[in-house]
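I have a structure I would like to understand better, so I am pasting it below and will then ask my questions one at a time.
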Amino acid sequence: MDTSFLAPGPITWAGLVACMLAVVAIVKGIDWLQARSKAGATAAVSPLTIDMAAVKIEVSSVKDQLNAFKIEVARTYVTGDVITRLERRIDEMMLSVRDEMRETREQMLKALMNRRSGD
């Protein structure tokens with residue numbers, strides 16, 4: 001059996017272990033640098049995230065104030081006259097829709113009756 005590969009040569013076992021430890025240290029160092037750079041990017045984004053949350057809260061507050069203002073305006077300026085006019089417009093729309101439906105129904109009946117009498 002040839003065991004010449006076990007014989008001491010230009011690289012010793014201690015040298016091989018030292019080389020492997022050096023490679024592991026380099027890989028760990030690269031990993032540490034990547035983690036460090038990611039932490040720096042996260043820290044740089046963090047104030048932007050805080051600012052965005054503050055803006056969202058402010059927009060929500062303004063939206064609530066706007067809704068309160070709308071309710072106040074509605075209570076102050078919507079009077080009986082406005083309600084009566086709106087009711088009248090709704091009634092007029094209902095009457096016009098009913099008239100159009102009646103005319104459409106009559107036209108359809110005439111068309112059907114004329115077609116049947118023509119058969």
* **Separation of Leu109 CG from Thr104 OG1 (nearest 0.5 Å)** =>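 Thr104 atom OG1 to Leu109 atom CG measures 11.0 Å (nearest 0.5 Å).
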
* Contact check, side chains of Gln65 and Ser61, non-hydrogen atoms, under 4.5 Å ->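 Sidechains of Ser61 and Gln65: in contact.
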
* Asked: To the nearest 0.5 Å, how far apart are CG in Leu112 and CE in Met108?
  ->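 Answer rounded to 0.5 Å: 6.5 Å.
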
* To do: Drop me the distance from Ile30's CD1 to Lys28's NZ, to the nearest 0.5 angstrom.
  =>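 It comes to 12.5 Å.
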
* Asked: Does a side-chain heavy-atom distance below 4.5 Å link Leu21 with Val17?
  ->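 When only atoms from C-beta onward are counted, Val17 and Leu21 do touch, with a gap below 4.5 Å.
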
* If only atom types and distance count, is the side chain of Asp31 paired as donor or acceptor with the main-chain N or O of Val27 below 3.5 Å? ->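 Checked: no pair found.
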
* To do: Quick one: pull up CG in Asn67 and NZ in Lys70 and give me the separation to the nearest 0.5 Å.
  =>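 Rounded to the nearest 0.5 Å, the CG-NZ separation comes out at 5.5 Å.
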
* Asked: Who pairs with Arg102 by salt bridge (Lys or Arg N to Asp or Glu O under 4.0 Å), at least two apart in sequence or on another chain?
  ->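 Arg102 satisfies salt bridge (Lys or Arg N to Asp or Glu O under 4.0 Å) with Asp99 once adjacent residues are dropped.
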
